[in-house]
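First the proteins, then the strands, lettered A, B, ... as listed; each starts at 1. Values below: every heavy atom of this structure, side chains too, minus hydrogens, waters and symmetry copies.
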Amino acid sequence: MEKYLSQLNEAQLEPTIQKDGPMIIIAGAGSGKTRVLTYRIAYLMNQGVDAFNILSLTFTNKAAKEMKERISTIVGSGEAKNLWMGTFHSVFAKILRFEGHHLGFPSNFTIYDTQDSQRLMGSIIKEMGLDKDIYKTKQIYSRISSYKNSLITVKAYFNNPELKEADAMARRPKMGEIYKEYVDRCFKAGCMDFDDLLLRTNELLTRFPAVLAQYQDRFRYILVDEYQDTNHSQYLIVRALADRFQNICVVGDDAQSIYAFRGANISNILNFQKDYDGVKLFRLEQNYRSTKNIVHAANSVIEHNETKLDKVVWTANDEGGKVKVHRSLTDGDEGRYVASTIFETKMNNQLQNSDFAILYRTNAQSRAMEDALRKREIPYRIYGGLSFYQRKEIKDVTAYLRLILNPSDEEALKRVINYPPRGIGQTTIDKLMVAANGYGKTIFELLENLDKVDIKINAGTKRKLSDFTTLIKSYQVMNETANAFDLAEHVTKTSGLMREFNKDGTPEGITRLENVEELLNGIKDFVEGQMELADASDSLAEFLEDVALATDLDADKGDVDHVALMTIHLAKGLEFNHVFIVGLEEDLFPSAMSMNTRSELEEERRLFYVALTRAEKQAYLTYALSRYRWGKLVDSEPSRFIEEIDDEFLEILTPTEERRINPMLSADIFGDSKSKIVNPNKIRYKPAKKPVLKKGGTAAKKEPEKFQVTTPKNLKPVAKTTAIDASNTNTNLFDSELAVGSLVKHIRFGNGEVLKIEGAGADVKAEINFQHGGVKKLLLRFAKLEVIG
DNA sequence: TTACGTACATTTTTT
DNA sequence: ATGTACGTAA
């Protein structure tokens with residue numbers, strides 16, 4: 001242990017060996033907080049605290065796993081095994097498996113992900129006959145989610161006239177009824193959504209003092225990482241559990257609070273000292289990660305926030321290169337710049353792909369980056385977005401597994417009852433739902449007793465229904481004895497899922513099959529891992545829980561060396577040698593949705609701070625003058641965040657005077673006449689500021705259509721093998737290029753022959769006979785075709 | 001009941 | 001540009 005403690009600096013050592021009592025560690029970016037947390041846990045165990053009595057809550061499962069491994073190397077894996085470590089959601093899901101029965105939940109409750117929850121919400125809104133344009137599923141879902149995170153139960157909602165008033169004002173007077181129905185339906189289905197895992201834990205600890213006492217006694221030492229991103233619900237759980245021993249250690253950085261949108265409450269960390277008596281405060285301010293230029297640049301940005309704790313992050317590291325700022329014309333150019341910079345930097349400095357990360361504000365931005373990386377043949381991996389487990393084919397398989405485990409799971413049932421198609425249509429399902437509600441039974445219970453129930457379904461359909469029921473029941477029987485892998489494999493083969501996936505031979509269909517394959521392999525790995533743990537008691541249930549709570553970051557596939565692409569949110573806690581922060585444009589970053597209030601803008605700024613502090617050696621900030629959004633080319637201007645960085649830490653690679661690649665590009669050719677036109681209609685909130693980084697001209701902004709016609713791409717001679725750019729709106733091109741009889745290549749359908757060309761202007765369509773997929777009619781404006789002859 | 005076409009909305013971030 | 005929703009034809 002001594003050996004390890006000697007690796008810490010003084011500021012880190014103090015909190016590490018502070019054993020008892022409440023404490024808070026304000027840890028600046030890159031200051032080694034994970035190391036402190038890890039060593040502190042090891043130290044506690046070294047001091048005789050039983051691993052069994054330590055609860056450590058992390059932000060991702062991956063962080064938990066890594067921490068556990070590091071602790072194992074210090075104290076031995078036998079000891080570390082008993083540590084309870086994980087995200088709030090996964091830890092309390094486990095506790096609810098044991099204790100949920102107090103609340104009327106079965107121990108095999110299933111977990112609804114966002115998709116399931118929203119589907120359920122959607123069908124409730126539909127059943128209640130409400131206007132779906134006013135009651136927008138997503139909005140209703142997030143509203144209810146925020147109620148739950150603030151511990152506003154259905155009852156509390158109805159007792160709160162202000163809330164009802166607010167929803168009525170928003171023309172949604174039925175909000176409470178929807179909320180109630182949603183909660184009832186989840187309960188009846190034996191399901192919990194993400195928020196329930198916390199809310200129900202609170203309910204459990206509040207209503208059952210004996211249970212609370214039991215866990216208080218168990219968790220004598222509690223550590224919470226990323227405390228700045230806890231919501232009210234999590235805050236109360238921690239308070240309740242720590243109340244008895246008061247050995248609570250929270251770690252966080254107010255400057256990195258970026259989850260307010262999902263209920264995180266920054267005042268949890270700001271007010272921690274008021275919540276407990278005799279709180280010891282520690283600060284970690286030395287950054288070991290980044291160069292001086294990066295640290296100082298980040299500091300100068302965060303200075304613009306009003307709400308923050310007093311803290312000065314500094315570093316003894318090298319000066320390093322200045323933060324590079326690059327402007328491109330379009331998002332496509334931005335991608336090409338990033339890709340070629342990675343390519344060259346890698347060559348010149350003998351770096352690996354994994355030394356680079358591309359961070360963006362929204363998932364949609366990944367596409368331009370992907371295209372460019374692919375052209376350069378740079379391996380990359382996209383983290384987040386549609387995660388593996390959310391893909392349709394994977395959800396189809398897991399829905400069967402969920403249903404086996406918990407036949408009440410309504411969303412799982414609705415998903416598979418007619419998939420693969422077995423002649424059970426919407427009408428039948430609707431009838432079943434109505435009847436189920438009438439009898440107060442679940443749909444599956446109804447299915448088991450079809451002949452005893454008064455329901456108007458014809459005999460043929462009834463047979464189909466009972467076949468389905470028998471099928472599921474046979475799986476349930478198998479689940480008694482078989483392990484999760486054998487069962488899953490059996491299900492995919494015998495349910496017709498495999499046949500269904502096999503049916504289409506398109507490249508996407510093959511990808512789907514591969515995904516299912518991968519899922520099965522994953523289950524196999526999981527089962528084998530469980531065997532080693534000796535108790536393969538309920539492998540299916542545990543696997544499904546892992547699936548529901550997994551983040552993309554957690555998945556650790558033995559990947560080849562790759563560049564990482566992810567949103568900034570996902571990048572929290574990670575570090576990379578070289579970091580590209582792309583799309584630094586007003587309305588994108590900061591997001592247009594987040595500029596209404598000061599606090600929203602400050603969160604965006606913290607997000608930028610997080611992004612910048614991911615970089616160890618070199619940070620790049622890039623933006624484009626126009627980019628595709630909603631399928632249209634939209635002009636944009638540089639983000640205020642660039643301007644907020646002190647000039648001395650920046651290197652502007654593309655100085656204000658625009659490089660004119662092509663004289664036609666200069667918007668100035670339209671002259672002063674246009675720039676004198678003032679558009680009085682353009683009113684837009686903008687704090688007083690003068691962009692330091694001006695763009696070439698303003699005419700383009702006002703007359704985008706005219707401007708586009710002169711885009712240089714259109715003027716370039718198009719070689720035979722040139723891919724037709726989707727951004728190209730000059731349709732004359734197609735006439736000269738494509739003719740009946742031309743041979744073309746499509747990224748998805750392969751080679752094909754043009755049979756017919758029709759339409760005019762932007763709507764030119766071609767009918768093409770493809771090798772794969774047969775005859776298709778494609779809009780040339782969108783289809784990326786390569787002319788090959 | 002299903003399959004297919006057209007219309008439509010949709011982009012902020014996630015456990 | 002992509003996914004979903006709804007209507008119509010088979």
Test of understanding: with salt bridge (Lys or Arg N to Asp or Glu O under 4.0 Å), list the residues that count as partners of [X], not counting sequence neighbours.
X        : value
A:Arg97  : A:Glu545
A:Asp193 : A:Lys148
A:Lys136 : none
A:Asp195 : none

Taking side-chain contact (heavy atoms from CB on, under 4.5 Å) as the definition, give me every residue that meets it alongside [X], ordered by chain and number, with sequence neighbours left out.
X        : value
A:Ser599 : A:Thr597
A:Thr461 : A:Thr428, A:Ile457, A:Asn458
A:Glu203 : A:Leu103, A:Arg200, A:Arg207
A:Asp225 : A:Lys33, A:Leu37, A:Val251

Of the nucleotides [options], which has the atom closest to the [X] side chain?
X        : options                : result
A:Leu570 : B:dT13, B:dT2, B:dT15  : B:dT15
A:Phe194 : B:dT1, B:dT2, B:dT15   : B:dT15
A:His569 : B:dT12, B:dT15, B:dT14 : B:dT14
A:Thr427 : B:dT1, C:dT2, B:dT15   : B:dT1

Listed partners of A:Phe105 passing ring pair (Phe, Tyr, Trp, His ring centres under 6.0 Å), at least two apart
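A:Phe187.
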Need one value for A:Asp113: base, sugar-phosphate or nothing, where a base atom within 4.0 Å counts as base even if backbone is also close, heavy atoms only.
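It contacts nothing in the nucleic acid.
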Checking all strands, does A:Thr114 fall into the base, sugar-phosphate, or nothing category for heavy-atom contacts under 4.0 angstrom?
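Base contact.
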Does [N] have OP1 or OP2 sitting under 4.0 Å from an N or O in the side chain of [X]?
X        : N      : value
A:Ser591 : B:dT13 : no
A:Lys136 : B:dT10 : yes
A:Thr60  : B:dT15 : no
A:Lys138 : B:dT11 : yes
A:Arg629 : C:dA1  : no
A:Asn149 : B:dT15 : no
A:Asn363 : B:dT13 : yes

Expressed as a whole number of angstroms, how long is the span from [X]:[atom1] to [N]:[atom2]?
X        : N      : atom1 : atom2 : value
A:Gln118 : B:dT10 : CD    : C1'   : 13 Å
A:Asp116 : B:dT15 : CG    : P     : 15 Å
A:Phe608 : B:dT13 : CZ    : C1'   : 17 Å
A:Tyr383 : B:dT14 : OH    : P     : 15 Å
A:Gln115 : B:dT14 : CD    : P     : 15 Å
A:Lys392 : C:dT2  : NZ    : P     : 18 Å
A:Leu198 : B:dT15 : CG    : P     : 13 Å
A:Arg606 : B:dT12 : CZ    : C1'   : 15 Å

Ring-face cation contact, A:Tyr383 with A:Arg381, 6.0 Å cut, 45° max:
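Yes, A:Arg381 sits over the ring of A:Tyr383.
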What's the gap between B:dT13 and C:dT4 when it is taken at their P atoms, as a whole Å value?
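Straight-line distance between the two P atoms is 16 Å.
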Can you confirm whether more than 12 heavy atoms, excluding those of A:Lys392, are under 6.0 Å from its NZ atom?
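Yes, NZ of A:Lys392 has more than 12 neighbouring heavy atoms, counting only those of other groups under 6.0 Å.
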Look at atom CZ of A:Arg598 and say whether more than 12 heavy atoms of other residues, nucleotides or ligands are closer to it than 6.0 Å.
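Count over threshold, so yes.
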Nucleic acid footprint by protein, nucleotides 3-8 of chain B - heavy-atom cut-off 4.0 Å, B for base, S for sugar-phosphate alone
------
List the protein contact pattern of nucleotides 4-10 of chain C with one symbol per nucleotide (5' to 3'): B for base contact, S for sugar-phosphate-only contact, - for none; contact means a heavy-atom distance under 4.0 Å.
--S----
For A:Gly423 and for A:Leu607, find the nucleotide of DNA chain B with the closest heavy atom, then tell me which residue's nucleotide is more 5'.
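Result: A:Gly423.
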Which comes earlier along DNA chain B counting from the 5' end, the contact point of A:Glu603 or that of A:Asn418, where each point is its nearest nucleotide?
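On the 5' side of the pair lies A:Asn418.
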Students often mix this up, so state it plainly: with edges at 30° and 60°, are the rings of A:Tyr179 and A:Tyr147 parallel, tilted or perpendicular?
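If you compare the ring of A:Tyr179 with that of A:Tyr147, the planes turn out tilted.
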Counting only heavy atoms and a strict 4.0 angstrom limit, can you tell me which residues of residues 255-265 of chain A come near DNA chain B?
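Within residues 255-265 of chain A, the residues near DNA chain B are A:Tyr259, A:Phe261, A:Arg262.
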